[in-house]
Peer 1: 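Sharing a structure here in structure tokens format.
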Amino acid sequence: MTGGCSIVWFRRDLRVEDNPALAAGVRSGKVIALFIWAPEEEGHYYPGRVSRWWLKQSLSLLDSSLKNLGTSLITKRSSDSVLSLLDVIKSTGATQLFFNHLYDPISLVRDHRVKEILTENGIAVRSFNADLLCEPWEVLDDEGRPFITFTSFWDRCLSMPYDPEPPQLPPKRIISGDVSRCPSDTLVFENDSERGSNALLARAWTPGWSNANKALTAFINGPLLNYSTNRRKADSATTSFLSPHLHFGELSVRKVFHQVRIKQTLWANEGNKAGEESVNLFLKSIGLREYSRYMSFNHPYSHERPLLGHLKFFPWVIDENYFKAWRQGRTGYPLVDAGMRELWATGWLHDRIRVVVASFFVKVLQLPWRWGMKYFWDTLLDADLESDALGWQYISGTLPDSREFERIDNPEMEGYSFDPNGEYVRRWLPELARLPTEWIHHPYEAPEYVLQAAGIELGSNYPLPIVTIDAAKARLQQALTQMWQQEATSRAVLENGTEEGLGDSSDDTPIAFPQDMQMDIEQENVRNRPMGVARHYEDQMVPSMTLSTSLLRGASSEEQEEESPIDQRHLARDNNRAEVPNDVMNMEERVQVFDGQSGLPQFNIQTALRTTQDMSQGESSSGGGTSRRERDGGVVPVWSPSNSSYSEAFVSEDNSYLQRHPQVMNWRQLSQTG
DNA sequence: CATGGTTTTGG
DNA sequence: CAAAACCAT
């Protein structure tokens, strides 16, 4: 149309296939493909070592694909994406910007700002859905409100009036814009000490969009068939292994959906019940990923605060020794320990085991769930803020449809169910390798002669249980009682109108991360590493802790906070080194993040919808009224600060919202106990 | 092999 | 809490 040149801004959509922003760029003329590395914008959530390793590989493959098509990827190192965009615009004369939507809290705010500022500068900005089957604002109940349980959400997704778009092919050719005056920065994703550990990753994983496609094909033609029966085995190679590919958008979920559905129809026609069921279960996990974006969009602080408000009075155990034992895989519960060692060594964990270790963390150790979530973030290859927040909230019992709060899972029992022969445990805990299966998941109950024969001395070369399950149950009961009392007290205070609720607002402030989340390396650990895994000390060293106050301060602060959000972020400037901020001393204290009731960002769905309509009308020149046109209408979620406290629907007890959802059973249980 | 009680699980 | 899986009789 304009003949001008457009920037296609790649983020977590590192593919050339089924990439609507890229397609739009190609359609409109010359293209500048851009990637901006601005990790400091992520606040606490500077990507971990393995995650950066993946990103590096993925970008390099994207670049070579783009080169084959006629252009190459411009890379910029930045601490402010908006400034970098303006800079690139200036040096290339681009007149348009295209990108695909992201839904994590930081991106929502940043992308909104991008739109505002660039539009002011006369740049046409359009954004697209490349990450989800349905945009969050499209999936609403009959009254036009967001769903609050996964099942109802997913049911609706699967019965939308239109199917997700079939995936688009890659462009045949890309005409490159003039980048002669826009040099790339070299991006540094690993330091010397990380390089050795990273080298090992390449043996197990092959990032990049074309490899993602191969992984998808391999999964669909292989393990998918028996997914329903195998999916609960800890060490089976029957998961899809697609999560890191999906995280970086190397693979389009729409493509996954369509291909898997095709297979399902096939199996259905053959009367293959197991296959059909497998596909449903696999799609459910795709659905959970969708739901995580949905939750993040509707409750953009769900990585910081429990969705159900009760937990804010829970007396978490602030014990860094527990935390350390958990990270090191020295809790005395073999399945938990095996999982933590695998995570440490490989950056990967089977989904079931993630649930096991997370549940142990929250319910047995009663450590604050955000610590665990942060550790996952730092160590997982497929670390994903939205998915992990959803997962931890589910485990912690703070979603209307999550596990009961009171429930404690028994690692021993889970051991025999996910690892019946103890192979997984033996693989990751060589010190237990000679223990017979009968005792492998509960060495603490094994007779002395069995232990001796296996060369185990409890408390010496393998720990006794850090907390017994009975003790954990008792402590949990006690903690709950305390929680209800505190809640009652607080409510009484509120009802007396003493302070208008402003007084004790520190109670909903997230507990700060511990000062030192680094895995300190003990000889023990090195000696005990699994055979054949030549690890380096540096494995999983938490790369950078930005112990700042909540990044959401940035999101919500514009009006009512004095400090600029940027000032609040202690940036790990030097890409490679962990940098401990000056105010680390304060971190023992809870960080004041939210000022009580006011000023949390709340997404205004109505506004977002209106924008959708406006934009799609504005867009009507570019083609027919297909659903794609409408859905690609350049919508970025619009948020507006609002007076109400966060997730009113979840927090307020007599809210009709929840009453309309009788299946929300935890909720009722919780509020009655008081 | 049915049956009823018990445990496990569920997003 | 309710459905499903499990187990003992």
Peer 1: Parallel, tilted or perpendicular: which fits the ring planes of A/Tyr103 and A/Trp137, with parallel below 30° and perpendicular above 60°?
Peer 2: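 Tilted: the ring planes of A/Tyr103 and A/Trp137 meet at 30° to 60°.
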Peer 1: Can you tell me the distance, in whole Å, between the CD1 atom of A/Ile469 and the C1' atom of B/dT7?
Peer 2: 16 Å
Peer 1: Which one, B/dG11, B/dT8, B/dG10, comes nearest to the side chain of A/Thr151?
Peer 2: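 Shortest atom-to-atom distance from the side chain points to B/dG11.
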Peer 1: Output the rounded distance in Å from CG (A/Asp155) to C1' (B/dG11).
Peer 2: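 Rounding to the nearest Å, CG of A/Asp155 and C1' of B/dG11 are 12 Å apart.
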Peer 1: How many whole angstroms separate atom CD1 of A/Ile395 from atom P of B/dG10?
Peer 2: 11 Å
Peer 1: Round to a whole Å and report the spacing from CG of A/Leu390 to C1' of B/dG10.
Peer 2: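 It is 15 Å, rounded to the nearest whole Å.
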Peer 1: Using the aromatic ring of A/Tyr291 (for Trp, its six-membered ring), decide whether it stacks on the base of B/dG11 within the limits of 5.5 Å and 30°.
Peer 2: no
Peer 1: Hey, does the Lys NZ or Arg CZ of A/Arg354 hover above the aromatic six-ring of A/Trp392, less than 6.0 Å from the centre and inside 45° of the axis?
Peer 2: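 So A/Arg354 doesn't make the cation-pi contact.
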Peer 1: Counting just side-chain N and O atoms, does A/Arg232 come under 4.0 Å of either OP1 or OP2 of B/dG10?
Peer 2: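 For B/dG10, OP1/OP2 do have a side-chain N/O of A/Arg232 under 4.0 Å.
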Peer 1: Mind calculating the distance between CZ (A/Arg407) and P (B/dT9) to the nearest angstrom?
Peer 2: 7 Å
Peer 1: Would you mind reading off the distance between A/Phe150 atom CZ and B/dG10 atom P, rounded to a whole angstrom?
Peer 2: 13 Å
Peer 1: Of all the choices, B/dT9, B/dG11, C/dC1, which nucleotide is nearest to the side chain of A/Glu404 once you look at every atom?
Peer 2: C/dC1
Peer 1: Could you tell me whether a side-chain N or O of A/Lys233 sits under 3.5 Å from a main-chain N or O of A/Ser417, the two making a donor and an acceptor?
Peer 2: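 Such a contact is found between A/Lys233 side chain and A/Ser417 backbone.
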Peer 1: Send over the distance from A/Arg352 CZ to B/dT9 P, rounded to a whole Å.
Peer 2: 9 Å
Peer 1: Measure from NZ or CZ of A/Arg327 to the centre of the six-membered ring of A/Phe323, then state whether that distance is under 6.0 Å and the direction lies within 45° of the axis.
Peer 2: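 A/Arg327 over A/Phe323 ring: yes.
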Peer 1: Calculate the interatomic distance between A/Asp409 atom CG and B/dT9 atom P; express it in whole Å.
Peer 2: 8 Å
